[in-house]
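All chains are named by letter (A, B, ...) in the order of the sequence lines, taking the proteins before the strands, and each is independently numbered beginning at 1. What you see is a predicted model, and the numbers here were worked out from it, not measured in a lab.
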Amino acid sequence: MLAFMIRRLLQSILVMFVVALISFLLFRFVGDPVNQMVGIETSLEEREALRERLGLNDAVLVQFMRFIGGAIQFDFGISYQFKRPVAAMIGERFPATLELSIMSAIFALFVGIPMGVYTGLKRDAFLSKLFLTVSLVGISLPTFLIGILLIFVFAVQLQVLPSFGRGEVVDLGFWSTGLLTATGLKALILPSITLGLFQMTLIMRLVRSEMLEVLRTDYIKFARARGLSKRAINFGHALKNTLIPVMTITGLQLGSVIAFAIITETVFSWPGMGLLFLQAVQNVDIPIMAAYLMLIGFLFVAINLIVDMLYVIVDPRIRVDSKQAM
Amino acid sequence: MSQPILSVRDLVVEFPTRHGILTAVDRISFDIGKGEVLGVVGESGAGKSLTGAAIIGLLEPPGRVAGGEIVFDGKRIDNLDEEQKRSVRGKRIAMIFQDPLTSLNPLYRIGEQLVETILTHLDMSRGEARSRAISLLDEVGIPAPETRIDAYPHQFSGGMRQRVVIALALAGEPDLVIADEPTTALDVSVQAQIIQLLKRLCRERGMAIMLITHDMGVIAETADRVAVLYAGRIAEVGSTRNLVHHPQHPYTFGLMASIPSLDKSSDRLVQIPGSMPRLTEIPPGCAFHPRCSKRFEPCDRTQPSEYETDHSKVACWLFDGGGQ
Amino acid sequence: MSDAAANRDTGGRSLWARILDSDILYSFKRSKLTMLAAAVTLFYFAMALFAPWIAPQNPFDLAGLNLLDSLTPPAWQDGGMQQFPLGTDDQGRDMLSAIMYGSRISLAVGFASVIFAAVLGISLGLISGYMGGTVDSVIMRIADIQLTFPSILIALLIDGTVSGLLPSVAREDTAFWVLTLSIGLSFWVQYARTVRSSVLVEKEREYVQAARLIGLSSPTIMARHVLPNVLGPVLVIATINLALAIITEATLSFLGVGIPVTQPSLGTLIRIGNNFLFSGEWWITIFPGIALAVLVLAVNLLGDWLRDALNPKLR
């Protein structure tokens, strides 16, 4: 098992390396950093001097090393557009995105899993068919459209929930949270549902199909042949075997939630990293793009690694070195 | 014989499909005596597994029991509701399947699975159930059961796993065990061990076994009586000795003749020409008549009834009127 | 199986008769919902194809627009006009026509990107599976790395990068191709993997080894034997992909990095309309939104049915 962990770790490092490489290439070769930073009147000599000072004439490998060195210390340079350190800007917006992502993940899990279990166990019930229809809609509607529709109904027509911003936030050290105020909580509702709806339908369908698959296995057949109660079979055996693969896939989903936050933040003008990234793409603000990429890359790799480790802990077939030959 | 533990009368199992209703089991009848081993033999698709599933009430829809009766220990069980059927399963009738690896939940220790089954059927404390589980493992021949009880299924070899499966089936102290191809997935050397185990358990516990298999060798070793199934119908039922040495039905005769023997020398393997018809193409009259060298006038028009001979009960026109 | 039995299976019926009697068509006719979905999808195709002839107005023709008509509500509301059944936007564009033309672009990008992803993915899958070795490892490594990230992010990234590399004047004209490239590149992996595993299975089959012995070249073997076996799963992936591609294009357009406003797709229309949601002109966003939702829903239903129909395990 140790070999497995080391292999996964090396794999992760490889992926991070590739991400860093892509970020760096983006950083260095898309557009011209110098031209982005100076005005039109700046003379050629001054541009050259700037280029020299920024180390842009050094060997590419050296610049790459410098890039990675900076990244490890959270230094990603200065934003072209805002003229502020990128790391600070991202740091400010990080809590907003994270809170939103976690809230939506909780929504997706706590609604999706029970719905999935229900539709898996009671295939022909009316409620199951209803849930499945809702799930189909959930998968078909693009996230931004869901957001717009929710805004239309709850903010424009009914006027009970806000349509933009985080409401009042409370600063706790380096973190700012919207969970401690009434307006903050209200502001979280629509965006969380918007972000979480797609995940919720995915989870529901996954749980359902895994459940149906498990219920067809021989060990469930044998359990029924042994006369075990329905409850023992459905919740003791079937559920446990269903949740293992669901857990891994959901963990991987958490990463994509953070990416999809870009859309939700745009619709609700939520001051998070995603919105920042989008604006950076529109304005070709490379430092922010590169930094966001590195951060997201790191998050994804870390999440994948953790999920893999979790799988090992939870599935005895992988965990226990089979003491065979009996 | 004294009242049989299981009595099946005119059992019919059907499958509605979009092409019409397929009859997979067509009015079969047989008995199993207390403590007896009945072998149910036939080719794949003959309806053996479906019969077993119907008896224990686990037919997968759209399959359904469409006729006949199943009487267990004097009481009808085919017309019970689901909850009543469940109380019979495991406790009075148990069933084991072909592949021991997929029969066990890989995420639970075998001790947990055993204790759960024991507590479902018998009233005792957890500690007592655990002791009982250990003695069950011992009974089926698992060495060092006190330690092995906490192992996971994948930590056992194939033969040992099947022993665990048998232990699980015995946990409720059933009177009848339906074994559906219990040795087919195992190595030949291990097969013999499992067969021996089943015979011993049958003897020591007074338990009846319905042994479903396509392997005549296993039947010859283990069964007291044999029922031969062909295309969903019973061709012949009788004691093992009689069927092996004096097969009456042409199909049974062909089956016995086709078993290669180490002490007989022959140039070629004997084969019954043709193959068993698919469910959708069962010929009128006797299902075997297209392949039968002895067929005559009524065989292609009317299904034969069962006739008693000195050796067995045969469903063949040749025996109409008291024997050939 | 005896010869008689084999003949009985085809029974000398024509291909058409066999298709009509097949399990797939049966399950299609059984499900009213699927037939409805297919009808809706066909309707969109027709609308997209014939838009220039059946649309009341060409919304891209700036000369035909009249600013005085802008922000007209739908015909059934106060202030609505008969000639603009679904209202107009801020430029005076007829919403109905805009939706028709917009669907055209949405469908076009969707199809183009799916075809691009499929061709790329199938090719890479064939090469990877057949050649094995280092080539295989490299391609699969790239696939794994790409799979770590959600496709929307990849599409966004490629889109942003390529747009950044192009001079700003060219951005509008090339938007269609940039989008197709971005979305296509974000989807190829699934095709490649499926095809690759099929190739790995078929490679070991005797008839492939026999073909090799006769001297047939690798591409021929791959095309003639492996490809037909793979088409089923690929078709299912493609249908589901189509819905996802349409959504991705709409999302990118909504975010402002997709199809520009001069020739808007459904996503762009929604983006335009979003600005007017609070001032009461809801129809500019809601109608294109409904059009988009219905299209994707129909394609998804078709994909679902196709997957179930082609899945041997569920039969």
> What option among B/V88, B/L58, B/L101, B/I178 has the most heavy-atom pairs under 4.5 Å with chain A?
Replying inline: B/L58
> Using 4.0 Å as the upper bound for N to carboxylate O, is an ion pair formed by B/D138 and B/R148?
Replying inline: no
>> So for B/L107, is it side chain, backbone, both, or neither that comes closer than 4.5 Å to the heavy atoms of chain A?
In response: both
> So which part of B/Q113 gets closer than 4.5 Å to some heavy atom of chain A, the side chain, the backbone, both or neither?
Replying inline: both
> Which answer fits B/L119, side chain, backbone, both or neither, if we ask what part of it has an atom under 4.5 Å from a heavy atom of chain A?
Replying inline: neither
> Relative to chain B, which segment of A/S229 carries a heavy atom at a distance below 4.5 Å: side chain, backbone, both, or neither?
Replying inline: both
>> Quick check for you: among B/R86, B/K85, B/M95, which has the greatest number of heavy-atom pairs under 4.5 Å with chain A?
In response: B/R86
> For B/E83, is it the side chain, the backbone, both, or neither that has a heavy atom closer than 4.5 Å to a heavy atom of chain A?
Replying inline: neither
> Non-hydrogen atoms of chain B under 4.5 Å away: do they reach the side chain of A/I244, the backbone, both or neither?
Replying inline: side chain
> Should the heavy atoms of other residues, nucleotides or ligands under 6.0 Å from CZ of A/F298 be counted, would the total exceed 12?
Replying inline: no
> Which bit of B/I56 comes within less than 4.5 Å of chain A, counting heavy atoms only: side chain, backbone, both or neither?
Replying inline: side chain
> In a check of side-chain contact (heavy atoms from CB on, under 4.5 Å) between B/M160 and each of B/L137, B/V140, B/I142, which one passes?
Replying inline: B/I142
>> Return the NZ to CG distance between B/K48 and B/L211, rounded to the nearest 0.5 Å.
In response: 11.0 Å
>> Which one wins on heavy-atom pair count under 4.5 Å against chain A: B/D99, B/I96, B/T117, B/I93?
In response: B/T117
> Does atom CZ of A/R123 have more than 12 heavy-atom neighbours from other groups under 6.0 Å away?
Replying inline: no
>> Between B/L104 and A/Y219, does the side chain to side chain contact (heavy atoms under 4.5 Å, CB included) criterion hold? Intermediate values first, please.
In response: CA-CA 5 Å; B/L104 297 171; A/Y219 56 84; 5.6 Å; no
> Checking B/V165 against chain A: side chain, backbone, both or neither under 4.5 Å from a heavy atom?
Replying inline: both
> Between B/Y108 and A/H237, what is the ring plane arrangement, given parallel below 30°, perpendicular above 60°, and tilted in between?
Replying inline: tilted
> Between B/K75 and B/D73, is there a salt bridge with N-O shorter than 4.0 Å?
Replying inline: no
